[in-house]
Amino acid sequence: MPTIAMVGDIFLQEALPQSAELAAVVSLLRSSDIAFGNLETPVSERGTPIDKWINMRMAPALLADVADMGFDIVTLANNHMWDFGEVACNDTLGHLLARQLPYVGAGGDLDAAWRAEVLPMGERKVAFLGATSTLGPGSAAAEGRPGVAPIRVSEAYHLDPLASLEQPGSAPFVFTRAWREDLERAIAAIKFAGAEADFVVLALHWGVPPFWRPRFQDGLADYQIEVGHALIEAGADVIVGHHPHSLQEVEVYRGKPIFYSLGNFVFHHNQGPVRDTPVSRNAPYSVQVDRRDREWSETVIVQADLTSAGEARYSLFPALLDAAGNPQLLAGDEARAVIARLDAMSPQAQIRFDDGQGHLHLR
(Lines give C-alpha, C1' and ligand atoms only; values in the text may rest on other atoms or scores of the structure.)
Protein backbone atom coordinates (compact mmCIF):
# COMPACT_ATOMS: atom_id res chain seq x y z
CA MET A 1 0.00 0.00 0.00
CA PRO A 2 1.60 3.36 -1.02
CA THR A 3 2.53 5.46 2.00
CA ILE A 4 3.32 9.13 2.66
CA ALA A 5 5.11 10.18 5.88
CA MET A 6 4.55 13.77 7.04
CA VAL A 7 6.36 15.65 9.82
CA GLY A 8 6.65 19.13 11.31
CA ASP A 9 9.56 21.57 11.61
CA ILE A 10 13.11 20.61 10.57
CA PHE A 11 16.05 22.73 11.75
CA LEU A 12 19.59 21.35 12.08
CA GLN A 13 22.61 23.09 13.59
CA GLU A 14 24.87 20.06 13.92
CA ALA A 15 25.27 16.63 12.38
CA LEU A 16 22.70 14.07 13.45
CA PRO A 17 23.90 11.41 15.90
CA GLN A 18 24.40 7.80 14.91
CA SER A 19 22.05 6.50 17.59
CA ALA A 20 19.64 3.58 17.73
CA GLU A 21 16.83 5.96 18.71
CA LEU A 22 17.29 8.14 15.64
CA ALA A 23 17.84 5.09 13.44
CA ALA A 24 14.33 3.89 14.33
CA VAL A 25 12.88 7.23 13.23
CA VAL A 26 14.86 7.13 9.99
CA SER A 27 13.67 3.59 9.35
CA LEU A 28 10.06 4.74 9.66
CA LEU A 29 10.60 7.59 7.20
CA ARG A 30 12.45 5.42 4.71
CA SER A 31 9.75 2.75 4.89
CA SER A 32 7.35 5.26 3.33
CA ASP A 33 7.25 5.86 -0.40
CA ILE A 34 7.44 9.64 0.14
CA ALA A 35 8.55 11.59 3.24
CA PHE A 36 7.55 15.28 3.48
CA GLY A 37 8.52 17.93 6.03
CA ASN A 38 8.95 21.67 6.65
CA LEU A 39 12.53 22.91 6.23
CA GLU A 40 12.37 25.74 8.79
CA THR A 41 15.52 27.54 7.70
CA PRO A 42 17.45 28.89 4.75
CA VAL A 43 20.39 26.71 3.74
CA SER A 44 23.26 29.13 3.21
CA GLU A 45 26.39 30.69 4.64
CA ARG A 46 25.64 34.07 3.09
CA GLY A 47 23.25 36.95 3.61
CA THR A 48 22.56 39.56 6.27
CA PRO A 49 20.00 39.09 9.07
CA ILE A 50 16.82 40.98 8.29
CA ASP A 51 15.05 43.02 10.94
CA LYS A 52 13.11 40.43 12.91
CA TRP A 53 13.10 38.87 16.35
CA ILE A 54 14.84 35.56 15.53
CA ASN A 55 17.05 34.78 12.51
CA MET A 56 17.87 31.18 11.65
CA ARG A 57 20.22 29.64 9.10
CA MET A 58 21.60 26.15 8.39
CA ALA A 59 24.98 25.19 6.96
CA PRO A 60 24.70 23.60 3.49
CA ALA A 61 26.68 20.54 4.62
CA LEU A 62 23.83 19.62 6.99
CA LEU A 63 21.42 19.23 4.09
CA ALA A 64 22.99 15.81 3.54
CA ASP A 65 21.63 14.72 6.93
CA VAL A 66 18.13 15.87 5.96
CA ALA A 67 18.28 13.86 2.74
CA ASP A 68 19.80 10.85 4.50
CA MET A 69 16.86 10.74 6.90
CA GLY A 70 14.74 9.81 3.91
CA PHE A 71 13.02 13.05 2.95
CA ASP A 72 11.87 13.14 -0.66
CA ILE A 73 10.39 16.65 -0.67
CA VAL A 74 10.25 19.68 1.65
CA THR A 75 8.20 22.83 1.97
CA LEU A 76 10.01 26.16 2.29
CA ALA A 77 6.95 28.28 3.03
CA ASN A 78 7.64 29.55 6.53
CA ASN A 79 8.59 32.68 8.48
CA HIS A 80 12.33 31.89 8.50
CA MET A 81 13.06 31.31 4.81
CA TRP A 82 13.86 35.02 4.36
CA ASP A 83 15.81 35.41 7.64
CA PHE A 84 19.04 36.23 5.78
CA GLY A 85 17.41 37.87 2.79
CA GLU A 86 17.01 37.01 -0.86
CA VAL A 87 20.57 35.78 -1.32
CA ALA A 88 20.21 33.06 1.34
CA CYS A 89 16.79 32.05 0.03
CA ASN A 90 18.23 31.70 -3.48
CA ASP A 91 21.13 29.70 -2.07
CA THR A 92 18.58 27.36 -0.47
CA LEU A 93 16.87 26.72 -3.79
CA GLY A 94 20.22 26.08 -5.44
CA HIS A 95 21.39 23.63 -2.78
CA LEU A 96 18.12 21.69 -2.96
CA LEU A 97 18.31 21.53 -6.76
CA ALA A 98 21.92 20.35 -6.61
CA ARG A 99 20.90 17.57 -4.24
CA GLN A 100 17.84 16.81 -6.40
CA LEU A 101 15.58 17.29 -3.39
CA PRO A 102 12.26 18.77 -4.61
CA TYR A 103 10.67 21.67 -2.74
CA VAL A 104 7.43 23.66 -2.72
CA GLY A 105 6.26 26.91 -1.18
CA ALA A 106 8.99 29.25 -2.46
CA GLY A 107 10.36 30.41 -5.78
CA GLY A 108 11.42 33.20 -8.09
CA ASP A 109 7.95 34.76 -8.23
CA LEU A 110 4.39 34.16 -7.01
CA ASP A 111 3.61 31.56 -9.68
CA ALA A 112 6.72 29.58 -8.82
CA ALA A 113 6.03 29.76 -5.08
CA TRP A 114 2.52 28.38 -5.59
CA ARG A 115 3.56 25.71 -8.08
CA ALA A 116 2.77 22.15 -7.01
CA GLU A 117 5.34 19.39 -7.16
CA VAL A 118 3.75 16.20 -8.47
CA LEU A 119 5.53 12.97 -7.52
CA PRO A 120 4.70 9.48 -8.76
CA MET A 121 3.79 6.90 -6.14
CA GLY A 122 3.15 3.56 -7.74
CA GLU A 123 0.32 4.00 -10.20
CA ARG A 124 -0.74 7.24 -8.54
CA LYS A 125 0.40 10.85 -8.63
CA VAL A 126 0.61 12.91 -5.44
CA ALA A 127 0.70 16.73 -5.57
CA PHE A 128 2.48 18.70 -2.84
CA LEU A 129 1.98 22.39 -2.09
CA GLY A 130 3.31 24.73 0.61
CA ALA A 131 2.05 28.06 1.94
CA THR A 132 2.50 30.23 5.01
CA SER A 133 0.50 32.74 7.01
CA THR A 134 3.53 33.60 9.16
CA LEU A 135 5.77 35.89 7.13
CA GLY A 136 9.14 37.49 7.68
CA PRO A 137 9.41 41.13 6.51
CA GLY A 138 9.53 41.29 2.70
CA SER A 139 9.29 37.51 2.29
CA ALA A 140 5.97 37.21 0.43
CA ALA A 141 6.42 36.32 -3.24
CA ALA A 142 4.71 38.57 -5.79
CA GLU A 143 4.65 39.02 -9.55
CA GLY A 144 8.28 39.48 -10.54
CA ARG A 145 9.48 39.15 -6.94
CA PRO A 146 10.86 36.02 -5.23
CA GLY A 147 9.70 34.74 -1.88
CA VAL A 148 7.32 32.31 -0.21
CA ALA A 149 3.69 31.49 -1.01
CA PRO A 150 1.62 33.76 1.27
CA ILE A 151 -1.82 33.51 2.81
CA ARG A 152 -1.73 36.78 4.71
CA VAL A 153 -3.98 37.57 7.65
CA SER A 154 -5.78 40.68 8.90
CA GLU A 155 -6.24 41.25 12.62
CA ALA A 156 -8.83 43.14 14.66
CA TYR A 157 -8.61 43.67 18.42
CA HIS A 158 -11.55 43.70 20.83
CA LEU A 159 -11.22 45.47 24.18
CA ASP A 160 -13.83 44.60 26.80
CA PRO A 161 -14.30 47.68 29.05
CA LEU A 162 -15.71 45.65 31.95
CA ALA A 163 -12.91 43.08 31.79
CA SER A 164 -10.31 45.85 31.58
CA LEU A 165 -11.86 47.58 34.58
CA GLU A 166 -11.54 44.43 36.64
CA GLN A 167 -8.28 43.18 35.09
CA PRO A 168 -6.20 46.21 33.98
CA GLY A 169 -3.47 45.25 31.54
CA SER A 170 -5.39 42.29 30.13
CA ALA A 171 -4.66 41.24 26.55
CA PRO A 172 -7.31 42.12 23.96
CA PHE A 173 -9.19 39.42 22.08
CA VAL A 174 -7.75 39.02 18.58
CA PHE A 175 -10.01 38.31 15.60
CA THR A 176 -8.31 37.13 12.40
CA ARG A 177 -9.26 36.48 8.81
CA ALA A 178 -7.33 35.64 5.64
CA TRP A 179 -6.72 38.14 2.87
CA ARG A 180 -9.33 37.36 0.25
CA GLU A 181 -6.97 37.57 -2.75
CA ASP A 182 -4.44 35.26 -1.09
CA LEU A 183 -7.10 32.71 -0.20
CA GLU A 184 -8.46 32.80 -3.75
CA ARG A 185 -4.94 32.20 -5.07
CA ALA A 186 -4.56 29.24 -2.73
CA ILE A 187 -7.90 27.79 -3.82
CA ALA A 188 -6.89 28.09 -7.48
CA ALA A 189 -3.55 26.36 -6.78
CA ILE A 190 -5.31 23.49 -4.99
CA LYS A 191 -7.77 23.01 -7.85
CA PHE A 192 -4.99 23.07 -10.44
CA ALA A 193 -2.98 20.52 -8.46
CA GLY A 194 -6.04 18.31 -8.10
CA ALA A 195 -6.44 18.22 -11.86
CA GLU A 196 -2.84 17.00 -12.20
CA ALA A 197 -2.77 14.40 -9.41
CA ASP A 198 -4.83 11.79 -7.59
CA PHE A 199 -4.05 13.06 -4.08
CA VAL A 200 -3.20 16.59 -2.85
CA VAL A 201 -1.08 17.33 0.23
CA LEU A 202 -0.88 20.92 1.48
CA ALA A 203 1.65 22.08 4.09
CA LEU A 204 0.58 25.23 5.96
CA HIS A 205 2.80 27.25 8.27
CA TRP A 206 0.27 28.98 10.52
CA GLY A 207 -1.13 29.30 14.01
CA VAL A 208 0.13 30.76 17.27
CA PRO A 209 2.74 29.17 19.57
CA PRO A 210 1.45 28.62 23.12
CA PHE A 211 3.56 31.35 24.74
CA TRP A 212 2.24 33.97 22.28
CA ARG A 213 -1.42 33.29 23.09
CA PRO A 214 -3.35 34.80 26.00
CA ARG A 215 -4.60 31.91 28.10
CA PHE A 216 -8.26 32.91 27.66
CA GLN A 217 -7.81 32.65 23.87
CA ASP A 218 -6.15 29.28 23.77
CA GLY A 219 -6.41 27.07 20.71
CA LEU A 220 -6.74 27.96 17.05
CA ALA A 221 -6.85 31.41 15.47
CA ASP A 222 -10.05 32.22 13.57
CA TYR A 223 -8.34 32.36 10.20
CA GLN A 224 -7.02 28.81 10.52
CA ILE A 225 -10.53 27.38 10.53
CA GLU A 226 -11.56 29.68 7.67
CA VAL A 227 -8.54 28.75 5.54
CA GLY A 228 -8.48 25.08 6.44
CA HIS A 229 -12.13 24.54 5.55
CA ALA A 230 -11.88 26.55 2.31
CA LEU A 231 -8.87 24.57 1.09
CA ILE A 232 -10.40 21.20 1.93
CA GLU A 233 -13.49 22.32 0.00
CA ALA A 234 -11.20 23.29 -2.90
CA GLY A 235 -9.84 19.74 -3.09
CA ALA A 236 -6.96 19.31 -0.61
CA ASP A 237 -6.94 15.73 0.68
CA VAL A 238 -4.87 16.51 3.78
CA ILE A 239 -3.53 19.68 5.39
CA VAL A 240 -0.33 19.37 7.42
CA GLY A 241 0.31 22.30 9.74
CA HIS A 242 3.32 23.58 11.66
CA HIS A 243 4.80 26.74 13.23
CA PRO A 244 3.48 26.65 16.84
CA HIS A 245 6.36 24.27 17.77
CA SER A 246 3.89 22.12 19.70
CA LEU A 247 1.13 19.65 18.96
CA GLN A 248 -2.25 21.20 18.25
CA GLU A 249 -5.62 19.73 17.50
CA VAL A 250 -6.66 17.57 14.59
CA GLU A 251 -9.91 18.16 12.75
CA VAL A 252 -11.71 15.93 10.29
CA TYR A 253 -13.66 18.15 7.90
CA ARG A 254 -15.75 16.62 5.14
CA GLY A 255 -13.90 13.35 5.68
CA LYS A 256 -10.44 14.97 5.24
CA PRO A 257 -7.92 15.62 8.03
CA ILE A 258 -6.45 18.95 9.07
CA PHE A 259 -3.42 18.47 11.31
CA TYR A 260 -3.21 22.00 12.66
CA SER A 261 0.31 21.50 14.05
CA LEU A 262 2.58 18.46 14.21
CA GLY A 263 5.11 20.31 16.36
CA ASN A 264 8.88 20.13 15.98
CA PHE A 265 10.46 17.14 14.25
CA VAL A 266 14.20 17.89 14.42
CA PHE A 267 14.81 21.22 16.11
CA HIS A 268 18.30 22.10 17.34
CA HIS A 269 19.22 25.09 19.47
CA ASN A 270 19.66 28.12 17.25
CA GLN A 271 23.27 29.27 16.90
CA GLY A 272 22.45 32.36 14.83
CA PRO A 273 21.55 35.91 15.92
CA VAL A 274 18.88 35.69 18.62
CA ARG A 275 17.92 38.53 20.98
CA ASP A 276 21.06 40.47 20.06
CA THR A 277 19.64 42.37 17.07
CA PRO A 278 18.24 45.90 17.41
CA VAL A 279 14.77 44.50 16.79
CA SER A 280 14.94 41.85 19.50
CA ARG A 281 16.64 44.15 22.00
CA ASN A 282 13.84 46.70 21.67
CA ALA A 283 10.90 44.30 21.50
CA PRO A 284 8.44 44.56 24.42
CA TYR A 285 8.39 40.80 24.94
CA SER A 286 10.24 38.80 27.56
CA VAL A 287 9.61 35.17 26.69
CA GLN A 288 11.78 32.43 28.14
CA VAL A 289 11.37 29.13 26.33
CA ASP A 290 12.76 25.87 27.68
CA ARG A 291 13.34 23.69 24.61
CA ARG A 292 13.29 20.65 26.89
CA ASP A 293 9.74 21.47 27.95
CA ARG A 294 7.34 18.62 27.18
CA GLU A 295 5.03 20.88 25.18
CA TRP A 296 7.88 21.77 22.81
CA SER A 297 9.21 18.23 22.66
CA GLU A 298 6.20 16.07 21.77
CA THR A 299 5.53 15.41 18.11
CA VAL A 300 3.89 12.86 15.85
CA ILE A 301 4.91 11.41 12.53
CA VAL A 302 1.81 11.04 10.36
CA GLN A 303 1.71 8.16 7.92
CA ALA A 304 -0.97 8.18 5.21
CA ASP A 305 -1.62 4.84 3.54
CA LEU A 306 -3.43 5.21 0.22
CA THR A 307 -5.83 2.35 -0.43
CA SER A 308 -6.72 0.86 -3.80
CA ALA A 309 -10.08 2.60 -3.52
CA GLY A 310 -8.36 5.99 -3.49
CA GLU A 311 -8.95 6.63 0.21
CA ALA A 312 -6.34 7.28 2.91
CA ARG A 313 -5.78 5.72 6.30
CA TYR A 314 -3.82 7.74 8.84
CA SER A 315 -1.50 6.38 11.51
CA LEU A 316 0.18 8.65 14.06
CA PHE A 317 3.54 7.65 15.54
CA PRO A 318 4.32 9.55 18.77
CA ALA A 319 7.86 10.79 19.30
CA LEU A 320 9.76 12.98 21.74
CA LEU A 321 12.66 15.32 21.06
CA ASP A 322 15.68 14.80 23.33
CA ALA A 323 17.66 17.63 24.95
CA ALA A 324 19.58 18.20 21.70
CA GLY A 325 16.37 18.44 19.66
CA ASN A 326 16.51 15.04 17.93
CA PRO A 327 13.42 12.80 17.80
CA GLN A 328 12.98 9.34 19.26
CA LEU A 329 9.91 7.15 18.92
CA LEU A 330 7.84 6.53 22.02
CA ALA A 331 6.35 3.22 23.11
CA GLY A 332 4.00 1.86 25.74
CA ASP A 333 2.38 4.23 28.21
CA GLU A 334 4.37 7.24 26.97
CA ALA A 335 3.10 6.75 23.42
CA ARG A 336 -0.44 6.16 24.68
CA ALA A 337 -0.32 9.38 26.73
CA VAL A 338 0.67 11.54 23.74
CA ILE A 339 -2.15 10.13 21.62
CA ALA A 340 -4.60 10.56 24.50
CA ARG A 341 -3.61 14.24 24.86
CA LEU A 342 -3.93 14.82 21.13
CA ASP A 343 -7.34 13.16 21.09
CA ALA A 344 -8.49 15.23 24.07
CA MET A 345 -7.54 18.49 22.33
CA SER A 346 -9.28 17.41 19.09
CA PRO A 347 -13.07 17.72 19.53
CA GLN A 348 -13.61 17.45 15.75
CA ALA A 349 -11.68 14.19 15.39
CA GLN A 350 -11.41 10.76 16.92
CA ILE A 351 -7.94 9.32 17.49
CA ARG A 352 -7.53 5.90 19.04
CA PHE A 353 -4.40 4.18 20.33
CA ASP A 354 -3.65 0.65 19.18
CA ASP A 355 -0.49 -1.36 18.40
CA GLY A 356 1.73 1.41 19.75
CA GLN A 357 0.38 4.15 17.49
CA GLY A 358 -2.60 6.42 16.97
CA HIS A 359 -5.26 5.81 14.33
CA LEU A 360 -7.38 8.65 12.98
CA HIS A 361 -11.03 7.84 12.28
CA LEU A 362 -12.27 9.78 9.24
CA ARG A 363 -15.97 8.94 9.63
Neighbour count above 12 (heavy atom, 6.0 Å) for [X] [atom1]:
X    : atom1 : result
R213 : CZ    : yes
E181 : CD    : yes
R177 : CZ    : no

I need the [X] [atom1] to [Y] [atom2] distance, nearest 0.5 Å.
X    : Y    : atom1 : atom2 : value
F71  : D65  : CZ    : CG    : 11.5 Å
L29  : D68  : CG    : CG    : 12.0 Å
Y260 : I225 : OH    : CD1   : 5.5 Å
L135 : M81  : CG    : CE    : 12.5 Å

Non-neighbouring partners of [X] that pass side chain to side chain donor-acceptor pair (under 3.5 Å), sequence neighbours left out:
X    : answer
D72  : none
D109 : none
S170 : none
T132 : T134

Test your reading of the model: is there a side-chain donor-acceptor pair from [X] to the backbone of [Y], 3.5 Å cut-off?
X    : Y    : value
N264 : T299 : no
H359 : D354 : yes
E226 : A178 : yes
S27  : A23  : no
H269 : G325 : no
R30  : A35  : no
D198 : K125 : yes
T307 : D305 : no
S31  : L28  : yes
D182 : R152 : yes

Which atom pair, heavy atoms only, marks the closest approach of [X] to [Y]?
X    : Y    : value
A349 : V252 : CB-CG2, 4.0 Å
V338 : L330 : CG2-CD1, 3.7 Å
A141 : A113 : CB-CB, 3.9 Å
A186 : I151 : CB-CD1, 3.9 Å
S139 : W82  : CB-CB, 3.4 Å
S261 : H245 : OG-N, 4.4 Å

Output, in order, the C-alpha distance, side-chain angles, deciding distance and verdict of side-chain contact (heavy atoms from CB on, under 4.5 Å) for L247 and R341.
CA-CA 9 Å; L247 285 175; R341 279 192 288 273; over 6 Å; no
Please assess E196 against R115 for the test salt bridge (charged side-chain N to carboxylate O under 4.0 Å, His left out), listing each intermediate value before the final yes or no.
CA-CA 12 Å; E196 299 290 315; R115 188 172 298 128; over 6 Å; no
Are [Y] and [X] co-members of a hydrophobic cluster defined by side-chain heavy atoms under 4.5 Å apart?
X    : Y    : value
L39  : M69  : yes
V7   : L12  : yes
V66  : L119 : no
L231 : V153 : yes
L202 : V118 : no

Candidate pair F84 and D91, rule side-chain contact (heavy atoms from CB on, under 4.5 Å), full reasoning:
CA-CA 10 Å; F84 283 77; D91 283 352; over 6 Å; no
Yes or no on side-chain contact (heavy atoms from CB on, under 4.5 Å) for Q224 and E251, after CA distance, side-chain angles and deciding distance?
CA-CA 11 Å; Q224 292 181 268; E251 179 182 7; over 6 Å; no
Hey, are [Y] and [X] close enough side-chain-wise for a donor-acceptor pair under 3.5 Å?
X    : Y    : answer
N326 : H268 : yes
E117 : Y103 : no
T75  : N38  : no

Ring-plane angle category for Y253 and H229, please: parallel below 30°, perpendicular beyond 60°, tilted otherwise.
parallel
Any idea how Y223 and W206 line up, ring-wise: parallel (<30°), tilted (30 to 60°), or perpendicular (>60°)?
perpendicular
Below 4.5 Å, heavy atoms only, C-beta onward: do [X] and [Y] meet side chain to side chain?
X    : Y    : result
Y314 : V238 : yes
P150 : L110 : yes
I339 : R352 : no

Not counting sequence neighbours, list each pair that qualifies as a salt bridge (charged side-chain N to carboxylate O under 4.0 Å, His left out) and has a residue in residues 234-243.
D237-K256
Salt bridge between R57 and D83, side-chain N to carboxylate O under 4.0 Å?
no
Before you tell me yes or no, could you show the steps for L76 and L96 under side-chain contact (heavy atoms from CB on, under 4.5 Å), namely the whole-Å CA-CA distance, both residues' side-chain angles and the distance that decides it to 0.1 Å?
CA-CA 11 Å; L76 305 180; L96 290 168; 3.8 Å; yes
Name all residues meeting the ring pair (Phe, Tyr, Trp, His ring centres under 6.0 Å) criterion together with H80; count only those two or more places apart in sequence or in a different chain, and write none if there are none.
none
